[in-house]
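Step one of this worksheet: look at the structure below.
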Amino acid sequence: MADPKGFLTTGREVAETRPVAERVKDWNEVYVPGSLLPIISKQAGRCMDCGIPFCHNGCPLGNLIPEWNDYAYREDWSAASERLHATNNFPEFTGRLCPAPCESACVLGINQPAVTIKNVEVSIIDKAWDNGDVTPQPPERLSGKTVAVIGSGPAGLAAAQQLTRAGHTVAVYERADRIGGLLRYGIPEFKMEKSHINRRIEQMRLEGTKFRTEVEIGKDIDAAKLRRRYDAVVIAAGATVSRDLPVPGRELPGGIHFAMEYLPLANKVQEGDLTVAPIHAGGKHVVVIGGGDTGADCVGTAHRQGAASVTQLEIMPRPGEDRNANQPWPTFPMLYKVTSAHEEGGERVYSVSTTHFEGDEDGNVAALHLVEVEFKDGKLEQKPGTERRIPAQLVTLAMGFTGTDQSNGLVQQFGLELDQRGNVARDENYATNVDGVYVAGDAGRGQSLIVWAIAEGRSAARGVDRFLTGTSALHAPIRPTDRSLLV
């Protein structure tokens with residue numbers, strides 16, 4: 001094990017962030033470069049080597065956390081990287097973006113601050129890249145089978161890498177102009193710089209994976225024709241239909257946008273495609289509707305664009321800072337979370353609902369009217385006399401997603417069956433009702449976390465490999481019916 005007394009002698013320390021006044025002036029990652037390495041070995045030493053490591057169950061990837069904690073404690077970075085990659089294709093993504101359900105399930109977390117698993121993970125992979133331990137792993141021989149992967153988010157990339165390494169010829173189709181899906185255009189640069197995606201894509205190219213950008217299956221290529229062209233197809237198109245807010249004034253022609261209309265434009269500026277984002281918060285009163293991570297991404301983006309004010313609205317009550325009795329360890333609790341974006345300013349308002357939008361003489365949104373709400377008999381009800389108006393010249397809707405896109409014809413052209421939630425239905429092997437067509441990630445599961453997307457991609461790859469060859473040695477960490485460890 002690591003340090004036998006580490007959890008007793010070492011307190012929890014996390015990555016140091018750059019000063020707010022400095023970081024809101026740029027789009028670099030918020031953490032101080034190199035700040036983890038001086039502390040991370042001792043932090044890894046806090047791992048208890050417990051008899052039953054519940055962190056394995058908290059993470060759907062089944063990461064071998066105590067093993068790579070031990071290697072990190074001993075500063076054997078190559079061995080740590082090998083153990084990390086045994087279950088996770090892209091730990092530099094999860095180490096930056098995942099909310100760390102593994103830490104919620106950490107045994108130490110029963111009565112002490114949990115091990116900084118996420119920080120250890122990102123330290124290991126960053127060190128591995130620096131040391132040259134991350135290299136292409138092309139297959140020893142080709143199977144002669146071909147696979148098309150639709151979508152280049154974490155599920156699609158994980159499935160593609162696994163299938164390429166199994167010897168199949170894989171082509172990834174992406175409707176955007178760059179590979180990465182929401183990792184590329186949904187995650188702001190200050191949360192994950194896109195250089196991390198670029199070097200993974202280069203690794204995959206050298207392994208043999210082919211990439212086809214600006215090709216939307218269903219529009220540019222008929223889905224049925226694609227199926228005839230390949231021996232198998234993996235649909236990893238995500239759940240990209242944004243949840244709308246059908247209240248009076250939503251039809252105003254200016255100033256109200258989905259988060260996924262707003263965020264990609266800021267990323268395109270960082271890619272050099274645009275000088276200024278067409279939807280820009282500079283000098284405006286910004287209201288973000290939705291209290292999740294996507295809403296926080298909008299908050300941080302608005303700060304960097306120079307918003308006059310930023311207000312984030314959430315219909316649910318403010319969570320507590322400690323576990324509720326009905327969310328016991330090792331479940332993933334709903335806790336009050338202050339992200340780096342929230343540290344940078346703005347107001348967070350809970351238990352409110354938008355009643356309508358108000359426009360100016362030019363048809364642009366000028367204000368938002370809201371009312372406080374409360375739960376009564378299991379239902380949300382408005383509290384009389386609590387209505388108020390707040391200025392809003394830019395509103396972003398970040399209320400989640402409702403399912404996979406059906407407007408491009410992909411679902412209809414394949415003839416796919418959907419489940420009751422509007423996701424693509426699949427069996428225990430991730431196979432759809434169409435022979436040779438599989439589905440992974442949010443398109444089949446619904447909106448979820450990046451670790452679930454990668455786990456689904458890996459698991460679906462095993463199903464495809466068995467379909468093509470009759471057997472498979474690929475790792476399948478989860479079943480399609482598995483769900484988060486919740487109460």
Counting C-beta onward and ignoring hydrogens, is there a side-chain heavy-atom pair between [X] and [Y] closer than 4.5 Å?
{"X": "Thr396", "Y": "Leu263", "result": "no"}
{"X": "Asp273", "Y": "Asn267", "result": "no"}
{"X": "Val107", "Y": "Trp329", "result": "yes"}
{"X": "Met192", "Y": "Glu29", "result": "yes"}
{"X": "Pro66", "Y": "Cys55", "result": "yes"}
{"X": "Asp49", "Y": "Asp70", "result": "no"}
{"X": "Val338", "Y": "Arg348", "result": "yes"}
{"X": "Arg96", "Y": "Lys191", "result": "no"}

Restricting to salt bridge (charged side-chain N to carboxylate O under 4.0 Å, His left out), what partner residues turn up for [X], sequence neighbours left out?
{"X": "Arg227", "answer": "none"}
{"X": "Glu140", "answer": "none"}
{"X": "Asp231", "answer": "none"}

Which residues share a side chain to side chain contact (heavy atoms under 4.5 Å, CB included) with [X], sequence neighbours left out:
{"X": "Met334", "answer": "Gln327"}
{"X": "Lys127", "answer": "Leu37, Trp77, Asn131"}
{"X": "Phe375", "answer": "Met316, Pro317, Leu380"}
{"X": "Leu274", "answer": "Leu265, Lys268, Val269, Pro278"}

Quick one: [atom1] on [X] to [atom2] on [Y], what's the gap to the nearest 0.5 Å?
{"X": "Arg175", "Y": "Ile150", "atom1": "CZ", "atom2": "CD1", "answer": "11.0 Å"}
{"X": "Ile179", "Y": "Asn198", "atom1": "CD1", "atom2": "CG", "answer": "11.0 Å"}
{"X": "Phe258", "Y": "Cys298", "atom1": "CZ", "atom2": "SG", "answer": "12.0 Å"}
{"X": "Thr87", "Y": "His56", "atom1": "OG1", "atom2": "NE2", "answer": "8.5 Å"}
{"X": "Cys98", "Y": "Leu449", "atom1": "SG", "atom2": "CG", "answer": "6.0 Å"}

Residue pairs fulfilling salt bridge (Lys or Arg N to Asp or Glu O under 4.0 Å) with at least one residue in residues 329-343, sequence neighbours excluded:
Arg23-Glu343, Asp293-Lys337
Below 3.5 Å, can you tabulate the donor-acceptor pairs from side chains in residues 154-162 to any protein atom, sequence neighbours excluded?
unit_1, atom_1, unit_2, atom_2, d
Gln161, OE1, Asn89, ND2, 2.9
Gln161, NE2, Gln203, OE1, 3.2
Gln161, NE2, Glu207, OE1, 3.3
Gln162, OE1, Asn89, ND2, 3.1

Please test Asn88 against Arg83 for side-chain hydrogen bond (donor to acceptor under 3.5 Å, both in side chains), starting from the C-alpha separation and ending with a verdict.
CA-CA 9 Å; Asn88 188 349; Arg83 289 287 78 195; over 6 Å; no
Smallest separation among heavy atoms of [X] and [Y], with atom names:
{"X": "Leu163", "Y": "Val170", "result": "CB-CG2, 3.8 Å"}
{"X": "Ile221", "Y": "Leu226", "result": "CG2-CB, 4.3 Å"}
{"X": "Asn63", "Y": "Cys59", "result": "ND2-SG, 3.5 Å"}
{"X": "Thr116", "Y": "Glu103", "result": "C-OE2, 3.6 Å"}
{"X": "Thr404", "Y": "Val241", "result": "O-CG2, 3.7 Å"}
{"X": "Ile187", "Y": "Leu97", "result": "CG2-CD2, 3.6 Å"}

Any ion pair linking [Y] and [X] (charged N to carboxylate O, less than 4.0 Å)?
{"X": "Glu174", "Y": "Arg184", "answer": "no"}
{"X": "Glu13", "Y": "Lys42", "answer": "no"}
{"X": "Asp405", "Y": "Lys219", "answer": "no"}
{"X": "Asp465", "Y": "Arg165", "answer": "no"}
{"X": "Glu189", "Y": "Lys194", "answer": "yes"}

Check the angle between the aromatic planes of Phe190 and Trp27 and answer parallel, tilted or perpendicular using the 30° and 60° thresholds.
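Judged by the thresholds at 30° and 60°, the geometry between Phe190 and Trp27 is tilted.
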Backbone of [Y] reached by a side-chain donor or acceptor of [X] within 3.5 Å:
{"X": "Arg46", "Y": "Ala114", "answer": "yes"}
{"X": "Arg318", "Y": "Tyr350", "answer": "no"}
{"X": "Asp220", "Y": "Glu216", "answer": "yes"}

Restricting to side-chain hydrogen bond (donor to acceptor under 3.5 Å, both in side chains), what partner residues turn up for Tyr262, sequence neighbours left out?
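Counting only residues at least two positions away or on another chain, Tyr262 forms a side-chain hydrogen bond (donor to acceptor under 3.5 Å, both in side chains) with Gln305.
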side-chain hydrogen bond (donor to acceptor under 3.5 Å, both in side chains) partners for Gln420, two or more places apart:
none
For the residue pair [Y] / [X], report whether a side-chain donor-acceptor contact shorter than 3.5 Å exists.
{"X": "Tyr185", "Y": "Arg178", "result": "yes"}
{"X": "Gln137", "Y": "His85", "result": "no"}
{"X": "Asp133", "Y": "Ser78", "result": "yes"}

Any cation-pi pair here, Arg458 with Tyr430, using under 6.0 Å and within 45°?
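Not flagged: Arg458 not positioned over aromatic ring of Tyr430.
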Can you give each donor-acceptor pair under 3.5 Å made by side-chain atoms of residues 438-447, sequence neighbours left out, with the distance rounded to 0.1 Å?
unit_1, atom_1, unit_2, atom_2, d
Asp442, OD1, Ser448, N, 3.4
Arg445, NE, Glu456, OE2, 2.6
Arg445, NH1, Asp482, O, 2.6
Arg445, NH2, Glu456, OE2, 3.1
Arg445, NH2, Pro480, O, 3.4
Arg445, NH2, Asp482, O, 3.0
Gln447, OE1, Phe401, N, 3.0

[atom1] ([X]) with more than 12 external heavy atoms under 6.0 Å:
{"X": "Arg199", "atom1": "CZ", "result": "yes"}
{"X": "Tyr71", "atom1": "OH", "result": "no"}
{"X": "Arg12", "atom1": "CZ", "result": "yes"}

Pair Asp222-Arg228, salt bridge (charged side-chain N to carboxylate O under 4.0 Å, His left out): steps then yes or no:
CA-CA 10 Å; Asp222 184 274; Arg228 292 193 293 268; 5.5 Å; no
Applying side-chain contact (heavy atoms from CB on, under 4.5 Å) to Glu271 and Asp177, what does each step give before you reach the verdict?
CA-CA 11 Å; Glu271 295 281 7; Asp177 59 345; over 6 Å; no
